[in-house]
Amino acid sequence: MSPQPLSPEAAERLEALVRPVPDYPEPGVVFRDITPLLADGDALASVVDELAAWTTADHGTVDLVAGMEARGFILGAALALRLGVGFVPLRKAGKLPPPVESVSYALEYGEATLEVRTGTVPTGARVLVVDDVLATGGTAAAAAALVERCGAEVVAMGFLLEITGLGGRDVLGRHTVEALFQV
Ligand SMILES: O=P(O)(O)OC[C@H]1O[C@H](OP(=O)(O)OP(=O)(O)O)[C@H](O)[C@@H]1O
Ligand SMILES: Nc1ncnc2[nH]cnc12
């Protein structure tokens with residue numbers, strides 16, 4: 001898998017729709033705001049199409065898409081529909097009724113816990129994990145740990161954008177990581 005599957009022009013068009021916000025939510029962080037991209041119908045469709053094409057070409061069929069709260073729900077649910085499979089929400093702590101599996105992690109600006117409803121991911125399922133941003137990789141590593149704790153396989157992890165220099169790809173070393181573009 002090429003780390004840059006889009007043409008440079010296509011990647012540039014998408015990147016232009018992601019707004020860099022310096023010092024948000026805390027000093028030193030450049031927040032990548034994807035809301036302009038989500039509001040652009042053509043861009044949103046092309047992101048979902050690209051992620052779907054990638055999945056099918058490189059990994060064949062998957063049984064489920066799992067997405068991390070909250071932005072991973074948007075791309076993940078759209079991708080699941082496009083692939084014709086179900087979607088599993090990996091929620092922040094305290095949102096799902098028990099029983100749940102939980103994994104805590106650190107991210108670029110704080111700490112959080114992700115949870116999955118016990119029993120929603122069948123043993124042996126082939127699961128594609130999807131989120132908008134790969135930064136330190138803490139969220140994605142927690143998502144993978146949750147899926148694997150259910151006895152399922154993380155087939156690959158797909159992202160809209162990867163913030164390079166924060167080590168996310170290294171943290172996810174043993175997984176296949178795909179990002180539409182890097183900043
Ligand atoms: O690679 P990491 O350093 O873990 O960061 C990436 C995560 O951070 C953001 O989510 P956030 O926790 O801000 O939640 P949100 O989607 O609810 O805004 C983003 O949507 C990823 O899930
Ligand atoms: N800089 C950033 N912008 C948007 N989402 C993020 N998640 C973690 N770091 C982020």
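When a ligand or atom number is given, it counts from 1 through the structure's own listing order. Residue numbers count from 1 along this sequence. Values below: every heavy atom of this structure, side chains too, minus hydrogens, waters and symmetry copies.
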If we number the atoms of ligand 1 from 1 as shown, the ones under 4.0 Å from a heavy atom of Gly138 are 1 (O), 4 (O)

In the protein, what heavy atom is nearest to [atom], and what distance, to one decimal place, separates them?
atom                    : result
atom 4 (O) of ligand 1  : Thr139 OG1, 2.5 Å
atom 13 (O) of ligand 1 : Tyr109 OH, 2.6 Å
atom 20 (O) of ligand 1 : Asp132 OD1, 2.6 Å
atom 17 (O) of ligand 1 : Ala70 N, 3.2 Å
atom 22 (O) of ligand 1 : Asp131 OD2, 2.5 Å
atom 6 (C) of ligand 1  : Val133 O, 3.4 Å
atom 10 (O) of ligand 1 : Arg71 NH2, 3.5 Å

The residue among Leu75, Asp49, Leu17 that forms side-chain contact (heavy atoms from CB on, under 4.5 Å) with Leu44 is Leu75

Short side-chain to backbone donor-acceptor contact, [X] and [Y], under 3.5 Å:
X      : Y      : answer
Arg82  : Ala45  : no
Lys92  : Glu69  : yes
Asp132 : Leu160 : no
Asp63  : Val127 : no
Arg32  : Val18  : no

Can you find an N or O of [X] that's nearer than 3.5 Å to an N or O of ligand 1?
X      : result
Leu107 : no
Ala135 : yes
Tyr105 : no
Gly137 : yes

Under 3.5 Å, is there a donor-acceptor pair between the Gln182 and Thr164 side chains? no

Evaluation steps, salt bridge (Lys or Arg N to Asp or Glu O under 4.0 Å), between Glu115 and Lys95: CA-CA 8 Å; Glu115 296 183 337; Lys95 302 285 187 177; over 6 Å; no

So, Glu101 and Arg149, do they make that salt bridge, N to O below 4.0 Å? yes

Thr136, portion touching ligand 1 at heavy-atom distance under 4.0 Å: both

Would you kindly specify which portion of Lys92 sits under 4.0 Å from ligand 1, judged on non-hydrogen atoms: side chain, backbone, both or neither? side chain

Which protein residues have a heavy atom under 4.0 Å from ligand 2? Val29, Val30, Phe31, Arg32, Arg71, Glu108, Tyr109, Val133, Ala135, Ile163

Membership question, hydrophobic clusters at under 4.5 Å side-chain separation (ILVMFWY): are [Y] and [X] in the same one?
X     : Y      : result
Leu37 : Leu180 : yes
Trp54 : Val130 : yes
Val88 : Leu96  : no

Could you label the plane-to-plane angle of the Phe31 and Tyr109 rings as parallel, tilted or perpendicular, counting under 30° as parallel and over 60° as perpendicular? tilted

